[in-house]
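All residue numbers refer to positions in the sequence shown, counting from 1. We count ligands from 1, going down the list as the structure has it; atoms in each ligand are counted the same way. Just so you know, these numbers use all the heavy atoms, side chains as well, and skip hydrogens, waters and symmetry mates.
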Amino acid sequence: MAKRGARFVCQNCGGVTGRWAGRCDACGEWNTIAEETEGFEAAGGIGAAPRGLSVSARRGRVFPLVGLGGEVKEAPRIASGLAELDRVTGGGFVKGSAVLIGGDPGIGKSTLLIQVSAALASQGHRVVYVSGEEAVAQVRLRAERLGLAGAPVALAAETSVEDILATLQSGPTPALVVIDSIQTLWTEMAEAAPGTVTQVRTSAQALIRYAKSSGATIVLVGHVTKDGQIAGPRVVEHMVDAVLYFEGDGADRFRVLRSVKNRFGATDEIGVFEMTGLGLAEVANPSELFLGERDGRTPGAAVFAGMEGSRPLLVEVQALVAETSLGTPRRAVVGWDGSRLAMILAVLDTHCGVRLGSHDVYLNVAGGLRIQEPAADLAVAAALVSSLSGVALPRDSVFFGEVSLSGSVRPVARADQRLKEAERLGFARAVVPKANLGDESSAMPADGVDVLADLVARVAAGSEEIIARPRRGAPPAALAVAPPTLASTARLPAPPRAAQTGRGPR
Ligand code: TYD
Ligand code: MG
């Protein structure tokens, strides 16, 4: 039998070292290394032998090797009945699969899962909900408040993996098992203290093995660390079949369920929910929601016609550019990639003469949404220039297009769907990459730009046309020389609607 000794495991990344150190060499985090006793789990893998079985205790079994071709049974799925959830999982939970759902505390993971459990149980599936965080009474109270108390969900408040597995194996195989949360579980198979990486990993491994062998779908809830990753080693993410993140701004009602890994479906789909007094409600038309409260008169706001998976989604990008009072200007981004913003600022500086080196830049995506598409570049640039110049963009325009380092505007995929969605929501014009002009089949007039400087010039020109400020002929660089303060623009008269819509497509 292999010698079992102490080893030191980073509680952040799962890296193992032979001695204690203040800083983990693997991930660079401080104070995350803890001593753990080596258990069987070092063997790893779904089929790992239980502890105590030494490697040489049994001879290997010969298993048949097969070819890639051959009959494939379509993965059988159980549709949850919540269309937004099914969209993210790729059509429902796959039998025998393990799904990890992560998200900040209070975002609504337990609420979503109790709703799913009740929906499936009401359809006649056997559903077991194991809460390690809340007492039975608390879960019941929540179910009562959601009007789900009548659903035949089998409920327990338990944290011992051995007890949970014994209970699951004693009855008919459930269709769905919810474990809320994986961090609260502990198992005797690992000798580490509860809550450590080893415990989380070993517990997850045992449950996933149960899912694979029984055909039940296991949903594990995972806590998220302060930098937004599922706590515990990344290894748990590698072990499960799908990883979903439930995100949203805690203060906002909107919640987005995003799949970051899915062995049985696409990973770019999102599901949108709204937290109401009666639990999570599905939002079938998220664009309307994310555009909700626009007045169209604020400089620095641009509507981005984006795609989330197979679905077009319109969302407002807000920028605030203000002269800095610090030595180093601030760049703060919510909902977008900070390095992408730095890139746009550099392109604006180098190729368009828009200098923001002495300005703080704040960028926010409305509604708590996180955009990952490079197609948002053009909308971000428009919002930045609009904020800097203090001039609102026409409220009936949408923007999309990818900006390259050379300052050119590159075409994006599915321009057609983006324009259709914009048209459906009452937008009248679009600023798009020139190379996308051929694709659209919608009736909406689209303005093609092929270099970013062109967009900057248009926003500046728009300012003259819309608010008749004497800036005609000034190069775009002038924008950076004397930006009007926001206080002064707040007093500007609202642009007359006719002046905005009267401009036809170019
Ligand atoms: P919860 O599902 O407990 O979050 P998590 O499991 O991710 O920690 O959600 C709790 C939050 O949701 C809490 O702040 C209250 C809110 N909530 C509602 O607004 N309406 C409801 O019907 C429910 C059940 C919760
Ligand atoms: Mg919870």
Side-chain angles (χ1 to χ4, degrees), residues 80-82 84-85 88-89 98-122 127-151 153-159 164 176-186 194-195 200 203-204 207 218-232 236-237 240 242-260 270-283 286 289 292 367-370:
S80 68
L82 289 171
E84 291 295 303
L85 175 68
V88 178
T89 51
V99 180
L100 181 65
I101 296 192
D104 289 328
I107 202 79
K109 301 180 294 294
S110 306
T111 308
L112 176 70
L113 289 174
I114 200 80
Q115 285 181 249
V116 174
S117 302
L120 282 176
S122 308
V127 179
V128 177
Y129 188 103
V130 182
S131 177
E133 305 206 324
E134 291 162 288
V136 166
Q138 285 172 300
V139 181
R140 280 189 177 151
L141 251 171
R142 185 199 309 253
E144 186 119 9
R145 236 163 56 69
L146 299 174
L148 302 172
V153 175
L155 174 68
E158 266 305 328
T159 53
I164 292 171
L176 178 71
V177 181
V178 176
I179 307 286
D180 187 359
S181 66
I182 183 72
Q183 275 87 3
T184 55
L185 295 192
W186 65 277
V200 168
S203 303
L207 288 164
I218 291 245
V219 177
L220 306 171
V221 173
H223 284 216
V224 164
T225 57
K226 60 181 182 306
D227 51 349
Q229 293 188 343
I230 292 180
V236 177
E237 290 196 16
V240 295
V243 179
L244 313 180
Y245 271 91
F246 206 30
E247 50 190 40
D249 183 352
D252 243 315
R253 306 185 315 260
F254 318 130
R255 303 284 186 269
V256 174
L257 188 66
R258 186 187 294 276
S259 118
V260 293
I270 62 165
V272 184
F273 297 87
E274 185 179 359
M275 183 60 95
T276 69
L278 285 175
L280 289 157
E282 298 180 66
V283 178
L289 200 112
L369 195 71
R370 200 155 47 85

*Going by heavy-atom distance to atom 2 (O) of ligand 1, choose the closest among Thr276, Leu280, Thr111, Ile101.*
Thr111
*Could you tell me whether the side chains of Thr184 and Glu133 share a donor-acceptor contact shorter than 3.5 Å?*
no
*Could you give me the CA-CA distance, side-chain angles and deciding distance for Leu176 and Val116, then say whether side chain to side chain contact (heavy atoms under 4.5 Å, CB included) is met?*
CA-CA 10 Å; Leu176 178 71; Val116 174; 4.3 Å; yes
*asked:* Return the closest protein heavy atom for atom 4 (O) of ligand 1 as residue, atom name and distance.
replied: Gly108 N, 3.1 Å
*Quick one: does atom 23 (C) of ligand 1 have a protein heavy atom under 4.0 Å from it?*
yes
_Nearest non-hydrogen protein atom, atom 6 (O) of ligand 1_ = Ser110 OG, 2.6 Å
*Among Ala143, Ser181, Gly106, whose heavy atom sits nearest atom 8 (O) of ligand 1?*
Gly106
*Among protein heavy atoms, which lies nearest atom 19 (O) of ligand 1, and at what distance?*
Met275 CG, 3.3 Å
*Mind running side chain to side chain contact (heavy atoms under 4.5 Å, CB included) on Arg370 and Val256 for me, showing each step along the way?*
CA-CA 9 Å; Arg370 200 155 47 85; Val256 174; over 6 Å; no
*asked:* Starting from atom 25 (C) of ligand 1, what is the nearest protein heavy atom, named by residue and atom, and what distance separates them?
replied: Arg145 NH2, 3.8 Å
*Under the criterion side-chain contact (heavy atoms from CB on, under 4.5 Å), which of Val240, Asp180, Leu185 is the partner of Leu220?*
Val240
*Specify the protein heavy atom at minimum distance from atom 3 (O) of ligand 1: its residue, its atom name, and the distance to 0.1 Å.*
Arg142 NH1, 3.0 Å
*Out of Leu113, Leu112, Val177, Leu244, which one pairs with Val219 under the side-chain contact (heavy atoms from CB on, under 4.5 Å) rule?*
Leu113
*Report the part of Leu112 in contact with ligand 1, treating N, CA, C, O as backbone and CB onward as side chain, heavy atoms under 4.0 Å; options are side chain, backbone, both, neither.*
neither
*Quick one: look at Val221 and ligand 1, take heavy-atom pairs under 4.0 Å, and tell me if it's side chain, backbone, both or neither.*
neither
*asked:* Restricting to N/O/S atoms, is Thr111 within less than 2.8 Å of the Mg ion (ligand 2) or not?
replied: no
*Flag Pro105 as yes when one of its N or O atoms lies below 3.5 Å from any N or O atom of ligand 1, and as no otherwise.*
no
_Close approach of Asp180 to ligand 1, heavy atoms, under 4.0 angstrom_ = no
*Glu282 atom CD, neighbour heavy-atom count above 12 within 6.0 Å*: yes
*With Ser203, which of Ile182, Val236, Ile179 fulfils side-chain contact (heavy atoms from CB on, under 4.5 Å)?*
Ile182
